[in-house]
Enquirer: 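My structure is below; once you've seen it, I'll send some questions.
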Amino acid sequence: MNKQLSLSQVVSRLADGMTVGIGGWGPRRKPMAIVREILRSDLKDLTIVAYGGPEVGMLCAAGKVKKLIFGFVTMDALPLEPYFRKARESGGLEVMELDEGMFEWGLRAAGMRLPFLPTRCGLGTDVVRRNPGLQMITSPYPDGEVLLAMPALKLDVALLHVDVADKLGNTLITAADPLFDHLFARAADACYVSTERLEDKFALSGDEARLNYFERYLVKGVVHAPGGAHPTYCGKNYGWDMDHLKKYNASATEEGGWDKYCEEFIRCGEEQYIARNGGMERIGKLRTPIF
Amino acid sequence: MTQATDCTLAELMIVACSEAWRGDGELLASGITTVPRLGASLAKLTHTPELLMTDSETYLVSEPVPLGPRGDYVPRFEGYMSFERVFECVWGGKRHAMIGPTQIDRFGQANLSCVGGDYAKPKSMVLGVRGLPGNNINHPNSYFVPNHGPRVFVANEVDMVSGPGYNPARFEPGMKNDFIDLRLIVSDLCVMDFKGPDHAIRVKSLHPGVSFEQVQAATGFPLLKAADMGETPLPSAEQLEIIRRLDPHNMRGAVIKGNPPVIRPAGAS
C-alpha cells in the first residue's frame with residue numbers, strides 16, 4: 001500500500017474533459033505544484049470546481065478551463081484575480097456561479113451520494129436565473145416550503161495540498177482552518193494529495209490524529225511537494241508570497257505577460273520553481289500579513 | 001464635545017457603522033473591510049458587548065483585535081470559527097454582516113459579481129456572488145459604501161443579483177423570504193435604512209455639510225426622508241480614543257480618497 005506518486009504521475013491519471021475539484025480557499029493552501037504540472041501538460045477542456053484563488057486564473061490563462069464552477073475567485077490582499085477576469089470579460093468561459101454555501105451543499109450531496117440537498121441559499125437571486133438547470137423542490141411536510149434543490153457537485157478528481165501525509169494516504173492539516181478539503185475528497189471518485197512532509201507510516205498521538213480530516217480510502221495518490229502550495233499560504237509552514245502574487249498580478253497587464261510568467265516559473269519544472277522563489281529557506285520564512 | 005474638525009469622515013462612518021449592530025445581542029458580527037470591522041469592534045466595546053467577533057481569520061476573540069501588525073498584543077480567544085462554522089452561523093441566522101457591494105438597487109439587492117455587458121461576457125468581472133445569496137436570505141445585513149454615487153446606487157436592478165432584497169417579483173409562492181433583514185447603509189454622504197413603505201430606502205441621517213438633494217443626485221433611484229432625519233452624530237472623544245487604539249496604523253485613513261475631514265473642503269468631490 002504505497003500511494004506515493006510523482007507530479008507527472010498524478011497528471012497522467014487525469015483526462016481531457018474531467019471535472020476537477022481544487023481544495024483550499026482563495027489564496028489559502030492550494031495544490032499549486034499539481035496545478036503547475038497541469039499547466040505543463042496538454043490536458044484541456046477541464047471543468048474546474050473551486051473556492052477560487054490564483055490557480056483558477058492560471059488554468060484560465062493557459063486555456064485549460066472549459067467550465068468553471070465557483071462562488072468567487074480572489075487573492076484576498078489582491079482582491080481581483082487578473083486572469084480569471086480576463087477569461088470572463090473575453091466571453092470564452094462557461095460558468096456555473098454559486099453561493100459559497102450552495103457550493104458546500106453540492107459537495108456534501110456528492111459525498112453522501114445524494115442527488116441534491118435543499119437550501120434557501122440562492123433564492124431570489126440571479127444565481128437561479130443564470131443557472132437554468134437549478135430546480136426547486138417543495139417540502140413534503142405541512143410547511144410546504146419551496147426550496148432550492150442544490151444538485152450534487154460530483155467530481156472526477158479532487159486535488160488537495162496538506163501539511164503532512166504518509167504513503168498510505170493518511171493526511172494531516174495543521175492549519176487553524178482545515179477549510180472544505182474533506183468535502184472535496186468525499187465528492188470525488190479519486191483524490192490526489194500533495195504534501196509538505198511525507199512519512200512512511202504515521203504513528204501519531206491522539207492530539208495529532210485529530211488533525212486528520214478525511215480517510216485514506218479516499219486518497220488514491222500522495223505527492224511529496226515541499227512548497228507545493230506556494231504562492232498561496234500553507235498553514236503553519238509558510239504564508240502567502242505577496243511579492244510573487246504581485247508579480248503574477250502585474251504580468252496580466254504586460255504584453256505577453258502570461259508567456260513570460262510561464263517561461264520564468266512554469267516551464268522550468270518544480271525544482272527550479274522553488275529555487276527561483278528563493279528555495280524552501282525563503283519560502284519557509286514567508287508569513288501572511290496580519291489583518 | 002468633539003468638533004467636526006477634530007475627526008475624519010472615515011471616523012464618523014465607523015461610528016455610524018457601529019450603530020448597525022446596536023442591540024443585536026449574541027450573534028456573530030462580521031464587519032468586512034476596515035471601516036465596517038472597526039464599526040463592529042466599536043459596537044462590541046461600547047453599546048453591544050454581547051456580540052461575537054473573530055480575529056478576521058479563524059478564532060473567536062473575547063475582545064476585538066487591533067488592525068494590522070500587533071506588536072506585543074496577543075489576542076485572547078474564546079472559541080473557534082472556521083469558515084465551515086461561519087456557514088453554520090449564516091444558515092442559523094446568528095450573524096449580522098456588513099459588506100461593501102459593487103452595486104445596490106432600490107430593493108436592497110446587492111451585486112458583488114459582475115457589472116455591465118452581457119453575463120456571458122461582462123464588461124467588468126468583480127469577485128462572484130460569494131456568500132451574499134446565503135447571507136441575505138438567512139440573517140441581518142448592512143452595507144458600506146465609501147463612494148456614494150449612481151454607479152453604486154443604480155437606477156434599475158443591479159446587474160447580477162447576488163444578495164437578495166425586498167423585491168417580491170424575485171420570489172415564487174412558497175419561498176421563505178422573511179428572514180431577509182436589511183438594516184443600514186452607511187455611505188460617505190449619509191446613513192440610510194429600509195424603513196419606508198414596503199422597505200423603501202430612507203435617508204436616516206446626513207453627514208455634516210451634506211444636503212438631501214446632494215444625496216438624491218448621487219443616487220439612481222428616489223429616496224425618502226426619515227421623519228426624524230437629522231445629522232449623523234460626530235464621534236465622541238471616547239469613541240475616537242477606541243477607534244485610534246483599534247487602528248494604530250491608521251488603515252482607516254486609506255478608505256476614503258484623500259482621507260477628508262468630516263466636512264470636506266469646498267470643491268472636493
Side-chain angles (χ1 to χ4, degrees), chain A residues 25-26 28 51-52 56 68 70-74 79-82 84-95 97-105 119-130 136 138-139 143-148 175-180 182-183 288-291, chain B residues 34 37 55-59 65 67-70 80-84 86-87 90-91 109 111-114 117-138 157-165 167-168 170-177 179-180 251:
Chain A
W25 174 290
R28 294 174 177 77
Y51 289 116
V56 169
L68 177 67
F70 76 111
F72 60 83
V73 180
T74 182
L80 303 173
E81 213 297 339
F84 158 70
R85 298 186 81 199
K86 276 191 178 182
R88 281 289 281 128
E89 290 165 14
S90 67
L93 189 61
E94 193 185 329
V95 291
E97 184 169 354
L98 299 170
D99 167 69
E100 292 166 1
M102 290 172 73
F103 187 109
E104 183 195 335
W105 239 212
T119 178
R120 294 189 187 105
C121 302
L123 297 182
T125 74
D126 276 325
V127 168
V128 175
R129 291 196 186 173
R130 297 300 179 190
M136 302 300 147
T138 303
S139 165
D143 56 88
E145 186 175 345
V146 174
L147 297 156
L148 191 151
D177 194 335
L179 305 172
F180 299 91
H182 56 299
L183 300 181
T288 296
I290 290 168
F291 293 104
Chain B
T34 300
R37 178 174 161 193
D55 61 350
S56 292
E57 195 66 32
T58 317
Y59 295 103
V65 292
L67 275 63
R70 293 169 194 151
Y80 180 62
M81 189 55 62
S82 62
F83 288 180
E84 193 170 340
V86 173
F87 288 0
V90 169
W91 300 331
Q109 298 178 132
N111 178 17
L112 202 58
S113 170
C114 57
D118 182 66
Y119 182 68
K121 190 180 175 179
K123 186 155 173 288
S124 175
M125 184 69 210
V126 191
L127 295 176
V129 295
R130 293 220 66 155
L132 267 59
N135 289 358
N136 284 28
I137 201 82
N138 283 301
E157 285 191 272
V158 295
D159 291 346
M160 171 79 179
V161 175
S162 313
N167 182 3
R170 290 267 172 179
F171 292 89
E172 294 166 26
M175 288 179 178
K176 190 171 175 62
N177 59 0
F179 292 139
I180 293 180
M251 291 165 80

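So that the names make sense, note that chain A is the first sequence line, chain B the second, and so on, each numbered from 1.
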Enquirer: Counting heavy-atom pairs under 4.5 Å to chain B, which of P178(A), G101(A), A87(A), G122(A) comes out on top?
Expert: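 Answer, by heavy-atom pair count under 4.5 Å with chain B: G101(A).
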Enquirer: Any salt bridge linking E57(B) with R28(A)? Criterion: basic side-chain nitrogen under 4.0 Å from a carboxylate oxygen.
Expert: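 Looking at E57(B) and R28(A), the cut-off is met.
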Enquirer: Measuring heavy-atom distances to chain B, does L183(A) have an atom under 4.5 Å in its side chain, in its backbone, in both, or in neither?
Expert: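 No part of it gets close to chain B.
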Enquirer: Could you tell me which portion of N177(B) (side chain, backbone, both or neither) has an atom closer than 4.5 angstrom to a non-hydrogen atom of chain A?
Expert: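 Neither part.
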Enquirer: In terms of relative ring orientation, are F87(B) and W91(B) parallel, tilted or perpendicular, with 30° and 60° separating the classes?
Expert: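 The rings of F87(B) and W91(B) sit tilted, inter-plane angle from 30° to 60°.
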Enquirer: With a 4.5 angstrom heavy-atom cut-off, which part of F180(A) approaches chain B: side chain, backbone, both or neither?
Expert: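 Contact with chain B: side chain only.
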Enquirer: Is the shortest side-chain heavy-atom distance between D159(B) and C114(B) below 4.5 Å?
Expert: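 A side-chain contact under 4.5 Å is absent here.
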Enquirer: Return the option, out of M160(B), Q109(B), E157(B), with the maximum number of heavy-atom pairs under 4.5 Å with chain A.
Expert: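 Maximum pair count with chain A is reached by M160(B).
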Enquirer: Out of L147(A), D99(A), I290(A), which one racks up the most heavy-atom pairs below 4.5 Å with chain B?
Expert: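 Max contact count across the listed options: D99(A).
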Enquirer: Which bit of V128(A) comes within less than 4.5 Å of chain B, counting heavy atoms only: side chain, backbone, both or neither?
Expert: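 Contact with chain B is absent: no heavy atom of V128(A) under 4.5 Å.
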Enquirer: Name the region of E145(A), side chain, backbone, both or neither, that has any atom closer than 4.5 Å to a heavy atom of chain B.
Expert: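 Backbone plus side chain of E145(A), per the 4.5 Å heavy-atom cut-off to chain B.
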Enquirer: Under a 4.5 Å heavy-atom cut-off, does chain B meet the side chain of M102(A), its backbone, both or neither?
Expert: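 For M102(A), neither part sits under 4.5 Å from chain B.
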Enquirer: With a 4.5 angstrom heavy-atom cut-off, could you sort out which part of P173(B) is near chain A: side chain, backbone, both or neither?
Expert: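 Contact with chain A involves the backbone of P173(B) alone.
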Enquirer: Side chain, backbone, both or neither: which part of D118(B) has a heavy atom under 4.5 Å from chain A?
Expert: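 When you check distances to chain A, no heavy atom of D118(B) falls under 4.5 Å.
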Enquirer: For chain B, which of V146(A), D126(A), T119(A) has the most heavy-atom pairs under 4.5 Å?
Expert: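 Winner by heavy-atom pair count: D126(A).
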Enquirer: Would you list the atom pairs, donor with acceptor, under 3.5 Å between side chains in residues 119-129 of chain B and any protein atom, with sequence neighbours excluded?
Expert:
from	atom 1	to	atom 2	distance (Å)
Y119(B)	OH	E97(A)	OE1	2.6
S124(B)	OG	R85(A)	NH2	3.0

Enquirer: Hey, what do you get for CG (L112(B)) to CZ (F72(A)), rounding to the nearest 0.5 Å?
Expert: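 Going from the CG atom of L112(B) to the CZ atom of F72(A) covers 11.0 Å.
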Enquirer: With rounding to the nearest 0.5 Å, note down the distance linking OG1 in T34(B) to CE in M251(B).
Expert: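 Those atoms lie 4.5 Å apart.
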Enquirer: Where the side chain of T125(A) meets the backbone of S162(B), is there a donor-acceptor pair that is under 3.5 Å apart?
Expert: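 No, because the side chain of T125(A) does not come within donor-acceptor range (under 3.5 Å) of the backbone of S162(B).
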Enquirer: If you count heavy-atom pairs within less than 4.5 Å of chain A, which of S82(B), P69(B), G131(B), G117(B) leads?
Expert: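 Highest number of pairs under 4.5 Å: G131(B).
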Enquirer: Quick one: of F179(B), F83(B), Y59(B), who has the most non-hydrogen atom pairs under 4.5 Å with chain A?
Expert: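 Between F179(B), F83(B), Y59(B), the count favours F83(B).
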Enquirer: If the test is ring-ring contact (aromatic ring centres under 6.0 Å, His included), which one of F70(A), F103(A), Y51(A) qualifies with W25(A)?
Expert: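 Running ring-ring contact (aromatic ring centres under 6.0 Å, His included) over F70(A), F103(A), Y51(A) with W25(A) returns exactly one hit, Y51(A).
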Enquirer: Calculate, to the nearest 0.5 Å, the distance between atoms CG and NZ belonging to D143(A) and K176(B) respectively.
Expert: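 Separation between the atoms: 9.0 Å.
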Enquirer: May I ask you to name which of S90(A), A175(A), G92(A), P289(A) has the most heavy-atom pairs under 4.5 Å with chain B?
Expert: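 Top count of heavy-atom pairs under 4.5 Å with chain B: S90(A).
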Enquirer: Within the side chain of D177(A), is there an N or O that forms a donor-acceptor pair under 3.5 Å with the backbone of T58(B)?
Expert: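 Side chain of D177(A) to backbone of T58(B): no pair is present.
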